[in-house]
Structures are given as structure tokens and as C-alpha cells.
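Data block below; observations after.
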Amino acid sequence: MILSVISFLFIILICVIVHEFGHYLTALWCGVKVHEFSFGMGPVLWQRQGRKNKWSVRAFPVGGFVRLAGMGEENEGESLLPGESFQGKPAWKRLIVLAAGAFNNILLVVALATVLLMSRGVMDLSVSEVGALMPGFPAAEAGLRRGDVIERVGGVDVRNWEEMTRAIRSQAAGQEKLELTVRRGPRQLTLTMGTKAEKAGEPPLIGIQPAIRKLPLSRALRGSIAWTFHMSLAMLQGLKEMLVHPAKVDVSGPVGIAAMAGQAASAGFFSLLSFLAVISLNLGIINLLPFPALDGGHILFVLAEMITGRNMSLELEGKIHFIGFMILFALIIVVTWQDILKLF
């Protein structure tokens with residue numbers, strides 16, 4: 001329980017601060033006055049006046065905000081000079097400030113994935129090299145070793161992990177024993193072994209895992225960008241499924257995320273970093289959705305202004321975003337309640 005709470009706070013802290021610093025830095029770059037940078041929502045627990053703005057920590061660590069001048073959120077005693085208002089800036093500058101939070105989250109994902117690919121590595125499926133043996137499975141009992149390269153399964157030549165897996169499954173269906181031709185250094189060996197399924201109805205296995213390769217910086221960076229792109233597409237597809245078939249999609253709220261964070265932390269630091277990358281990407285993608293109260297909702301209003309040439313009143317836009325916020329808040333309560341029910 002304690003590990004889950006600490007891990008959850010660690011992940012939320014990193015994701016929120018990275019996100020809000022995107023808004024903060026681009027706002028300063030665009031000449032917008034920042035009144036407050038806050039981690040958390042609700043009542044103030046700690047606050048300090050800095051050279052440029054207030055720094056705050058609030059009671060509920062489920063988000064944060066950067067309060068910008070000219071957005072109708074000025075407190076008593078706060079003032080701004082001409083040209084410091086967010087609403088007074090050109091539309092393109094406002095778009096940069098609004099999109100910078102999600103961009104920072106996605107940038108964090110690329111950085112984390114690059115570090116993981118360089119330090120932990122990735123399964124090399126381009127070859128049929130044995131990286132690890134599963135205890136109690138036929139491969140270990142037959143004498144297969146780590147570093148062996150499987151060149152042939154029965155009479156079928158294999159060049160990569162996919163071809164090898166396909167050959168094992170197809171041949172295991174019709175015979176009890178498999179004959180593998182293996183390259184071990186300069187020697188070529190022939191080993192005979194059976195197969196075993198982990199559970200009834202699952203595919204037959206001989207009990208081997210791919211080799212792990214640590215990538216150099218350039219390849220790791222390319223791989224992390226590709227992974228982030230494909231994961232983003234998968235998340236968008238998941239959001240589409242949630243809208244079309246809501247009953248079939250399992251959504252987790254803060255309690256569920258805390259439980260998963262604790263599980264990731266129990267598996268090790270690299271697993272926690274992987275989970276951090278997934279949550280950061282979720283936060284970035286969701287914030288860009290064109291829904292009131294989200295960054296994407298604000299972006300939508302700016303784009304509408306650019307197309308029509310008309311400004312919506314701050315009061316009306318504020319009401320729309322407030323309605324959106326209340327809907328999101330209600331959804332969080334519902335999802336959190338479902339998470340709590342799952343615990344019992």
C-alpha cells in the first residue's frame with residue numbers, strides 16, 4: 001500500500017511538473033505574465049513568492065496548473081503591464097503555450113524510452129539466438145544453451161525469431177519430438193526435444209526467450225520515436241473503442257493507477273520508468289483532445305478564432321470550460337469508485 005502511494009505520487013509529480021513547465025516556459029518566452037505555478041489542486045498547503053511568480057503546493061496531488069495573466073483568473077492585488085496578457089498575444093503564440101504541456105509529456109516519453117533502450121535493451125527478434133532458458137521446459141533439459149543460434153527446426157531453415165516460432169508451433173502439432181539444428185560457436189549440433197504449454201490451450205513452447213540487445217544512442221532515439229508514435233496511435237484507437245463500445249473498455253482512475261504503479265515499482269526501477277512513460281504519453285494525448293477544460297479544448301477555441309476572425313467572450317468561454325471541468329471531475333469520481341470496488 002505504502003509503495004503504491006509513493007510510486008503514484010512520484011509518477012504524478014514528474015508528469016504534472018513536466019507538463020506544466022511546458023506551459024510555463026513557453027508563456028515566459030512569449031512574454032505572458034505568470035501569476036502562479038502550482039502542483040496539485042484545491043487548498044494551498046505551501047506557497048512562496050518567487051522573482052517572477054508564486055510557487056504553490058496544493059492539497060490534492062492529481063494535477064496542477066500555471067495561472068496566466070489575462071485569462072480571467074486574477075486574484076486581488078495581482079496586476080500586469082500592457083502586453084503581458086495571454087489573450088493579448090497573437091493566436092500562434094497562444095497555440096504554442098497551450099500545446100507545450102502535451103509536447104513536453106511526449107518529449108519525456110521519447111527521453112525515457114531512449115534511456116531504457118540504451119540501458120535495459122530490447123528483445124532482438126531479427127535473429128533466432130537464445131537469450132534465456134525457462135526452467136522446467138524441454139529446451140533446458142535437452143541441453144540448449146544461452147547464445148545458441150537455432151538454424152533449423154526439423155527440415156525448415158529459420159533466420160529470425162518469428163520464423164523459428166512459427167516452425168516450432170506448426171511441427172509440434174503433428175509430432176511429439178522436434179529436431180533442432182543449432183549453431184554453438186564454430187560447431188553445429190542437433191538436439192531433440194519435446195514441447196510444453198504453460199497452460200492448457202496455450203501454444204506449445206520449448207522454453208526459450210530472445211536475446212536482449214542494448215542499443216547505441218542513435219538507434220535508441222529512432223526506436224523510441226517509432227515506439228512513441230505507434231503507442232500514440234494505439235491509445236487513440238483505444239479512445240475510439242471507449243466511445244463506440246464503452247462497456248468493453250476497462251478504464252482506471254487514480255486508485256487503479258496507484259495500484260499499477262506499486263506493481264511496476266515492485267518489479268524494479270526500470271519497470272517503474274516504463275510505466276511512467278506510458279502514463280506521461282496518456283496525459284499528453286488526452287490533454288490534446290478537443291474537450292472543454294483540456295488543453296485541446298482551449299486550442300480548439302483559438303483555432304476557431306483564427307478561422308472566423310472573431311473572439312468569444314472570456315466569460316462565455318470560461319463557462320464552457322467550467323462545464324467541461326465538472327464533467328471530467330464527475331468521470332474521475334465514477335472511475336475512482338469502480339477502482340475501489342475492484343479492491344474488494
Side-chain angles (χ1 to χ4, degrees), residues 7-8 11-12 14-20 22-23 41 60-65 95-113 116 223-261 263-264 271-304 307 317 320-342:
S7 303
F8 173 75
I11 285 173
I12 295 301
I14 298 297
C15 286
V16 169
I17 287 180
V18 165
H19 181 94
E20 298 303 335
H23 296 311
M41 310 292 283
F60 306 114
V62 291
F65 61 86
L95 285 178
I96 289 175
V97 174
L98 291 169
F103 176 79
N104 259 21
N105 281 123
I106 294 170
L107 199 62
L108 174 63
V109 176
V110 173
L112 288 172
L116 289 168
S224 65
I225 292 172
W227 181 85
T228 302
F229 176 74
H230 291 300
M231 279 295 293
S232 299
L233 292 180
M235 288 178 184
L236 290 173
Q237 182 63 34
L239 289 170
K240 177 185 173 183
E241 285 296 316
M242 185 173 67
L243 293 174
V244 177
H245 305 290
K248 297 181 179 179
V249 179
D250 188 17
V251 180
S252 292
V255 175
I257 293 172
M260 289 185 284
Q263 293 170 2
S271 294
L272 184 61
L273 288 186
S274 299
F275 187 67
L276 170 60
V278 172
I279 296 300
S280 184
L281 187 58
N282 269 278
L283 180 61
I285 297 296
I286 290 173
N287 259 286
L288 288 176
L289 295 178
F291 189 85
L294 297 176
D295 292 336
H298 289 279
I299 289 171
L300 186 63
F301 281 105
V302 176
L303 291 175
I307 293 169
E317 184 178 340
I320 294 173
H321 288 307
F322 179 75
I323 292 171
F325 175 80
M326 294 307 295
I327 292 172
L328 291 174
F329 187 70
L331 285 173
I332 290 174
I333 292 175
V334 170
V335 172
T336 302
W337 178 248
Q338 290 177 342
D339 285 342
I340 293 171
L341 292 178
K342 291 175 186 175

Determine the minimum heavy-atom distance between [X] and [Y], stating which atoms define it.
{"X": "Cys15", "Y": "Ile279", "value": "SG-CG2, 4.0 Å"}
{"X": "Ile320", "Y": "Pro292", "value": "O-CB, 3.4 Å"}
{"X": "Ala102", "Y": "Gly284", "value": "CB-O, 3.4 Å"}
{"X": "Leu272", "Y": "Ala261", "value": "CD1-O, 3.9 Å"}
{"X": "Leu303", "Y": "Leu95", "value": "CD2-CD1, 4.0 Å"}
{"X": "Phe275", "Y": "Ile11", "value": "CD2-CD1, 3.2 Å"}

How long is the gap from [atom1] on [X] to [atom2] on [Y], to the nearest 0.5 Å?
{"X": "Ser7", "Y": "Gln263", "atom1": "OG", "atom2": "CD", "answer": "10.5 Å"}
{"X": "Ile106", "Y": "Ile285", "atom1": "CD1", "atom2": "CD1", "answer": "4.5 Å"}
{"X": "Leu289", "Y": "Ile299", "atom1": "CG", "atom2": "CD1", "answer": "10.5 Å"}
{"X": "Ile12", "Y": "Phe60", "atom1": "CD1", "atom2": "CZ", "answer": "15.0 Å"}

Counterpart residues, side chain to side chain donor-acceptor pair (under 3.5 Å), relative to Ser280 (two or more places apart) =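 Counting only residues at least two positions away or on another chain, Ser280 forms a side chain to side chain donor-acceptor pair (under 3.5 Å) with Asn105.
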Would you list the pairs meeting side-chain hydrogen bond (donor to acceptor under 3.5 Å, both in side chains) in which at least one residue belongs to residues 283-298, sequence neighbours left out?
->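 Qualifying pairs, neighbours excluded: His19-Asp295, His23-Asp295, His298-His321.
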Heavy atoms from other residues, nucleotides or ligands near CZ of Phe301 exceed 12 (cutoff 6.0 Å) |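 Enclosed.
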Taking side-chain contact (heavy atoms from CB on, under 4.5 Å) as the test, write out the residues that go with Ala293, two or more places apart.
-> Phe325, Leu328
Kindly indicate, with the supporting measurements, whether the criterion side-chain contact (heavy atoms from CB on, under 4.5 Å) is fulfilled by Met235 and Val278.
-> CA-CA 10 Å; Met235 288 178 184; Val278 172; 4.3 Å; yes
Sole residue of Leu108, Val109, Leu283 in side-chain contact (heavy atoms from CB on, under 4.5 Å) with Val18 =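 It is Leu108; the other options fail the test.
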